[in-house]
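In what follows, a structure is listed as structure tokens, so that the remarks can point back to it.
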There are 2 protein chains.
Amino acid sequence: MSELHHQPQTRMTQQRAVILEELRKLKTHPTADELYQIVRQRLPRISLGTVYRNLLFLTESGQISKLEIAGNTNRFDANMEPHQHVRCICCGSIADIHTPVREPAIDKLRVQGFARILRSRVEFEGVCEQCASHLANPDAAVVYYHPDKVV
Amino acid sequence: MSELHHQPQTRMTQQRAVILEELRKLKTHPTADELYQIVRQRLPRISLGTVYRNLLFLTESGQISKLEIAGNTNRFDANMEPHQHVRCICCGSIADIHTPVREPAIDKLRVQGFARILRSRVEFEGVCEQCASHLANPDAAVVYYHPDKVV
DNA sequence: CTCCTTGCAAAATATTTGCAAGTAG
DNA sequence: CTACTTGCAAATATTTTGCAAGGAG
């Protein structure tokens with residue numbers, strides 16, 4: 001239907017280099033805006049649009065991952081090792097799982113209306129320590145919560 | 001830190017009844033706007049804000065699920081049986097898995113920076129039949145894709 | 001009657017895009 | 001030089017919210 005790819009996009013600009021470098025320093029899986037705030041300290045004139053465009057390019061070229069995880073805001077990760085994540089249901093922060101659980105096998109999976117099943121994703125939900133310290137009863141959070149914002 | 005809950009929200013209005021009724025008819029896991037378009041055929045003066053407010057209320061009161069699944073747009077599901085989903089990486093549509101895979105055990109999971117691990121989520125990605133019919137080589141989709149929009 | 005709920009519009013949030021100017025190769 | 005990239009601003013897209021009027025119990 002549509003063509004595979006658009007523009008070459010190969011030039012290593014200062015903006016692209018700094019975005020990638022700062023993302024690689026972080027283990028916090030920042031949002032585009034969080035990364036923009038960091039990069040801006042080194043490149044004060046950079047725009048948020050440039051950060052978005054470069055994050056898209058870096059994702060498509062396989063240099064970083066756009067985290068396909070629940071929540072309103074996309075997050076990015078320069079760690080390309082396959083790994084799983086926990087997401088804080090209060091604040092949306094994400095941490096890595098260092099001892100991955102086994103992913104379910106997909107080879108026998110058949111779903112009506114789907115031509116291909118390509119992969120599985122396992123993720124976890126929890127309450128981060130920072131948020132837990134604000135909650136009277138963190139265990140109750142799983143019952144009474146808004147996605148992305150615990151009451 | 002903050003209180004548990006806000007307003008009682010107990011009145012069964014016509015809008016709320018129709019929203020719930022139409023969502024229950026659907027197996028398509030619609031977005032708020034998709035459901036709004038459907039409900040509007042029966043209640044032409046309903047507003048999108050009312051749909052959002054009722055979806056929030058119905059979610060918080062446990063009558064429906066807000067699907068915490070990858071993608072930009074939230075989707076809703078009146079099927080409260082625990083079940084898993086496949087998401088089409090092309091168009092974002094979601095289908096149910098009728099033969100659920102085993103969820104990983106979380107009781108032994110410890111993650112630095114997280115006070116509680118509450119639950120796991122397993123989801124799948126694939127290409128729906130409609131999108132597959134538009135792609136020359138659906139198997140290539142997993143390599144070259146934008147989240148939510150395959151090239 | 002009370003106050004929860006709605007419609008409407010504006011605001012808030014997140015992301016994308018058009019365009020002229022800038023710059024990597 | 002060429003054309004990929006950027007900064008800026010405006011446009012989209014999604015979701016939330018203030019407020020006066022409406023309606024369920």
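Letters A, B, ... are given to chains in the order of the sequence lines, protein chains preceding strands, and every chain is numbered from 1.
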Among C:dT6, D:dG23, D:dT2, the one nearest B:Thr50 by side-chain distance: C:dT6

A:Gln15 side chain near D:dG7 phosphate (N/O to OP1/OP2, under 4.0 Å): yes

Spacing between B:Phe57 atom CZ and D:dT16 atom P, to the nearest angstrom: 16 Å

Pair B:Glu21 + B:Arg24: basic N to acidic O under 4.0 Å: no

Rounded interatomic separation in angstrom, taking CZ from B:Arg16 and P from D:dA24: 12 Å

Nucleotide C:dT16, atom C1' - distance to CD of A:Glu60 in whole Å: 13 Å

Under-4.0 Å side-chain N/O to phosphate OP1/OP2 contact, B:Asn54 with C:dT5: no

B:Arg45, nearest nucleotide to its side chain (from D:dT15, C:dC8, C:dG25): C:dC8

Intermediate values then yes/no, ring pair (Phe, Tyr, Trp, His ring centres under 6.0 Å), B:His83 and B:His98: CA-CA 7 Å; B:His83 61 290; B:His98 292 109; 8.1 Å; no

Short side-chain N/O contact to D:dA24 OP1/OP2 from B:Thr13, under 4.0 Å: no

Nearest-nucleotide 5' precedence on DNA chain D, A:Ile46 against B:Leu48: A:Ile46

Donor-acceptor contact present, side-chain B:Asn79 to main-chain B:Glu81, <3.5 Å: yes

Contact under 4.0 Å: B:Asn74 side-chain N or O vs D:dT15 OP1/OP2: yes

Between P of D:dT14 and CG of B:Leu35, the distance in whole Å: 15 Å

Touch class at under 4.0 angstrom, heavy-atom based, for A:Thr10 against every strand present: sugar-phosphate

Interatomic distance where CG belongs to B:Asp33 and P belongs to D:dA13 [whole Å]: 10 Å

B:Arg53 side-chain N/O to C:dC4 phosphate OP1/OP2 under 4.0 Å: no

Interatomic distance where CG belongs to B:Leu43 and P belongs to D:dG22 [whole Å]: 18 Å

Flag side-chain contact, heavy atom, 4.5 Å: A:Phe124 against A:Arg87: no

Closest listed nucleotide, where the reference is the side chain of A:Arg11 and the choices are C:dC8, C:dC19, C:dT23: C:dT23

A:Arg16 charged N/C atom sitting above A:Phe57 aromatic ring, 6.0 Å / 45°: yes

A:Tyr52, nearest nucleotide to its side chain (from C:dG18, C:dT16, D:dC19): C:dT16

Nearest-Å distance for atom pair CG/P, residues A:Leu56 and C:dT17: 9 Å

Between C1' of D:dT15 and OH of B:Tyr36, the distance in whole Å: 14 Å

Distance below 4.0 Å between A:Ser47 side-chain N/O and D:dT6 OP1 or OP2: no

